[in-house]
Amino acid sequence: MSGFQRPRIFRPPSEWMSYYLPVTSGCSNNTCTFCYYYGSRLQMRDVAEVKEEIDALRLFKSRRVAVPGMPHVVYQLASQWDGRRVFLQDGDALVYPFPKLIEVLDYLNDRFPSIERIAIYATAQDILRRSVDELKELLRRKLSILYLGLESGDDEVLSQVCKNTSATEMVAAAQRVEEAGLALSVMVILGLAGAERSEQHAVASADVLSQMDPEYGAALTLTVVPGTPLHTAIERGEFKPISPFQSLQELRLIVQHLELTRCFFSSMHASNYITVKGTLPAEKDKMLAQIDRVLDKRDPSLLRPEGLRGL
Ligand code: SF4
């Protein structure tokens, strides 16, 4: 095996049935001040090593034979996997060189014709680096959904957290994905602007998300990762985090201002204090009423306990 470090598994809630196959480790944009990947070193995995894992997975699924030297996690994941979905790790695996990505997808589909859907995290830059035709090439190989972190629709917040992308680029990336026919899932982070720009952040996020008009939208809640610049800023009193109930106010503002044509929007991610989900625009009133019930009572026991919140 090469010096490739297998990454921790961070995946969207809806990928819970997937096999997590690393092609990269870390993120090419390792500057975001709040992120676990801050300062991470991007590693590209050799195609040969990815293929070895696919072969080991096939051998295990077909004959229950484990290849010596394969990481234990491969078999842990394999034993629960139903053969239908694959999530390519890591933080922005779409940065993986395009010809290599095609090679991996072809190999995966050849060894597992049962696969129905392959998913990946991508930055706006990764998407804009690819043409519509290239994205269609991915779709033909069942890579049919991209997860993109908008984080905030407020350019000032994006700049403060060193996202290296503007809201305009996020919208352009979404349009390209739409043109190619892939599904897009877009995440925003409640609390990312802190207390001072909370309302602006929420309204701008709803506005940009509406322009992106994805099939899926998700709210996450800011979770402070030790060792990040955001953690340091909080310790120094330079960033004032919002309270759990303020995060629900942000969630309410976002849902209220969203103008989407057909989107499943949720706060199902483990970082959130409550779970709200529904199809927009149809279920907007129902979702707002659900948030209001919690906001009206202000009862902390209705919130996910701090210790059970996850990244
Ligand atoms: S682009 Fe995404 S994964 Fe990469 S450092 Fe920023 S928030 Fe983290």
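For clarity, every value in this text was computed on a predicted model and none was experimentally measured. As the structure lists them, so they are numbered: ligands from 1, and atoms in each ligand from 1.
The number of heavy atoms from other shown groups lying within 6.0 Å of CZ (R41) does not exceed 12.
A heavy-atom distance below 4.5 Å is found between the side chains of L280 and M287. For the pair N30/L42, no side-chain contact is recorded, criterion being any heavy-atom separation below 4.5 Å from C-beta on.
Under the 4.0 Å criterion applied to side-chain N and carboxylate O atoms, E116 and R85 are not assigned as salt-bridge partners.
Figure legend: cation-pi geometry between R6 and F4 absent, as NZ or CZ is not positioned both under 6.0 Å from the six-membered ring centre and within 45° of its axis.
Heavy-atom distances between Y38 and ligand 1 stay at or above 4.0 Å for every pair.
Considering only residues two or more places apart in sequence or on other chains, S152 meets the side chain to side chain donor-acceptor pair (under 3.5 Å) condition with H201. Contacts of S28 classified as side chain to side chain donor-acceptor pair (under 3.5 Å), with partners at least two apart in sequence or in another chain: D92.
Shown in contact with E151 at under 4.0 Å from a heavy atom are these atoms of ligand 1, numbered in order with element: 7 (S).
Around atom 4 (Fe) of ligand 1, the protein N, O or S atoms found under 2.8 Å comprise C27 SG.
For residues 158-177, every residue pair satisfying the salt bridge (charged side-chain N to carboxylate O under 4.0 Å, His left out) rule, not counting sequence neighbours, is listed here: E151-K163.
Nearest protein heavy-atom neighbour of atom 2 (Fe) of ligand 1: K163 NZ, 3.6 Å.
With a heavy-atom cut-off of 4.0 Å, F34 touches ligand 1 through its side chain alone.
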